[in-house]
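Working notes, structure below.
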Amino acid sequence: MKNTPFENIQKRIDSAAQILKLDSHITKLLLTPENIVEKTLEVETSKGKKSFPAYRVQFNNARGPYKGGIRFHHEADLDEVSALAAGMAIKCSVVGIPLGGAKGGVTINPKEYTEADLEQVSRAFAREMAPYLGVDKDIPAPDVYTNGQTMAWMLDEYEKVIGKNEPGMITGKPIVLGGSLGRDTATAQGGVYVLHTYLEKVEGGVKPKKIVIQGLGNAGGVAAEILHKAGHSIIGVSDSTGGVWSDAGFDPALVMKNKEEGKKLGEGLKLNSVTNEELLLLPCDVLVVAALDNQLREDNAGQVKAKIVLELANGPTTPEADKIFESKGIVVIPDVLANAGGVTVSYFEWVQNRQQYYWSLTEVQEKLKVIMVDSLHEVMNYQKKYMSSLRGAAYLLAVHRLYEAMRLRGRK
Ligand code: GLU
């Protein structure tokens with residue numbers, strides 16, 4: 001039997017704790033969610049009355065209030081949400097922002113419902129979860145198939161419940177409601193800062209690369225645009241319907257335009273079609289995985305031809321695939337570092353909401369760059385010291401910080 005996503009991340013945390021020789025009582029606490037909230041959302045939809053299971057897993061708040069997105073997905077369940085919540089605690093710790101880890105999920109296929117239905121689901125979530133949320137308690141954000149509009153509905157409903165304004169209770173908001181400039185591009189931008197810094201460190205500079213990107217949502221779509229503008233050759237992209245590629249490279253904006261217009265991805269363009277599975281195996285320098293978890297596994301990792309895997313999605317690589325990549329010398333820039341730009345600008349948004357003073361886009365991007373570059377350097381120091389993979393090093397750094405916060409608080 002394969003491990004579940006939550007078991008996988010528990011193993012990663014536990015093995016970091018073993019290497020660091022941490023106290024076993026505190027380690028046990030660090031492996032366990034602090035609070036699990038499970039609700040059923042009863043919503044009057046266009047398809048009649050429906051019930052949707054909803055979760056908020058508050059994993060760890062030793063380093064700061066719980067923080068993490070909410071996903072709307074038909075496969076969202078307690079195990080997956082727990083794994084993602086633990087991932088948030090690790091991620092915030094890797095980049096050293098003063099926030100803990102949490103995640104939320106609603107088991108729903110959002111594609112089957114209208115905008116008005118999704119508004120009701122979002123409001124029901126905020127109402128049911130209101131006692132557990134708050135600017136100093138637990139701060140949600142967007143994740144898979146949720147966005148600024150979702151956050152706006154949730155904020156509005158939450159403020160109705162508490163009877164006052166509290167914009168800092170949720171991040172990833174539209175700008176007019178107190179969102180931060182640069183939040184929408186932050187996940188991709190942060191990933192590109194890390195990739196470029198890594199290339200500078202190991203190759204002495206950033207030369208144009210051939211890049212394949214799985215996923216054209218908020219992370220992958222923006223990354224395609226930034227990487228193309230930076231002079232790299234985008235040779236393959238895909239979304240949930242399939243992919244397109246051309247070894248000569250193409251402007252991803254053309255493909256995005258098709259997507260926005262509701263056309264087939266490569267329609268009218270001279271590109272070859274591929275399935276999502278084939279796309280991952282295309283020869284390239286950098287493979288950006290920006291879709292869902294569990295994409296690079298024991299059964300396909302051996303055929304991956306990329307030299308670097310940049311994880312903009314959460315949990316795209318299984319531990320078995322990690323081992324295969326290590327043996328083949330494929331470098332994985334792990335999710336907890338590569339996609340941490342999103343939560344980092346969420347942190348900036350929260351800071352701006354609290355001080356009610358807003359920064360320019362340049363200010364946000366400069367601050368983001370400092371955090372991403374410094375974090376990569378720190379992870380690489382751990383990598384050298386413990387002779388581990390980048391993922392192993394990121395976990396060592398994060399677990400060490402989380403452990404110290406728990407120990408100093410006297411948690412045992
Ligand atoms: N959902 C994003 C993530 O997985 C952002 C979380 C946040 O901004 O709190 O990192």
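Just so you know, ligand 1 is whichever comes first in the structure, and atom 1 is the first atom listed for that ligand. Atom set for the values below is all heavy atoms of this structure, side chains included, hydrogens, waters and symmetry mates excluded.
Here the protein heavy atom with the shortest distance to atom 8 (O) of ligand 1 is S346 OG, 2.6 Å. In this structure, the protein non-hydrogen atom closest to atom 9 (O) of ligand 1 is K67 NZ, 2.7 Å. Nearest non-hydrogen protein atom to atom 3 (C) of ligand 1 is K91 NZ, 3.3 Å. Among all protein heavy atoms, the one lying closest to atom 7 (C) of ligand 1 is A141 CB, 3.3 Å.
For the ligand labelled ligand 1, residue G68 lies inside the 4.0 Å heavy-atom shell. Heavy-atom distances between P142 and ligand 1 reach below 4.0 Å in at least one pair. Within the 4.0 Å heavy-atom shell around ligand 1 one does not find R71.
Under 4.0 Å from ligand 1, the heavy atoms of N314 that appear belong solely to its side chain.
At least one donor-acceptor pair under 3.5 Å links the side chain of Q352 to the backbone N or O of F348. Although no hydrogens or angles enter the test, the distance criterion places a donor-acceptor pair under 3.5 Å between the side chain of R409 and the main chain of A62.
Ligand 1 has a nitrogen or oxygen under 3.5 angstrom from a nitrogen or oxygen of R183.
For F52 and Y113, the gap between ring centers is short of 6.0 Å.
For residues 299-320, the salt bridge (Lys or Arg N to Asp or Glu O under 4.0 Å) pairs, not counting sequence neighbours, are D285-K307, R297-D299, E311-R391.
Annotation: H74, atom NE2; neighbour count of heavy atoms from other residues, nucleotides and ligands within 6.0 Å is above 12. Residue-environment remark: NZ (K257) stays at or below the threshold of 12 foreign heavy atoms within 6.0 Å.
Less than 4.0 angstrom separates some heavy atom of K103 from each of these atoms of ligand 1: 1 (N), 3 (C), 4 (O). Taking every heavy atom of M88 and a limit of under 4.0 angstrom, the matching atoms of ligand 1 come to 3 (C), 4 (O), 6 (C), 10 (O). Near D143, meaning under 4.0 Å from one of its heavy atoms, ligand 1 places the atoms 1 (N), 2 (C), 4 (O).
For the pair V343 and M88, the minimum side-chain heavy-atom distance is below 4.5 Å.
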Show the numbers, then the answer: is there a side-chain hydrogen bond (donor to acceptor under 3.5 Å, both in side chains) between T146 and R71? CA-CA 6 Å; T146 55; R71 65 172 53 185; over 6 Å; no
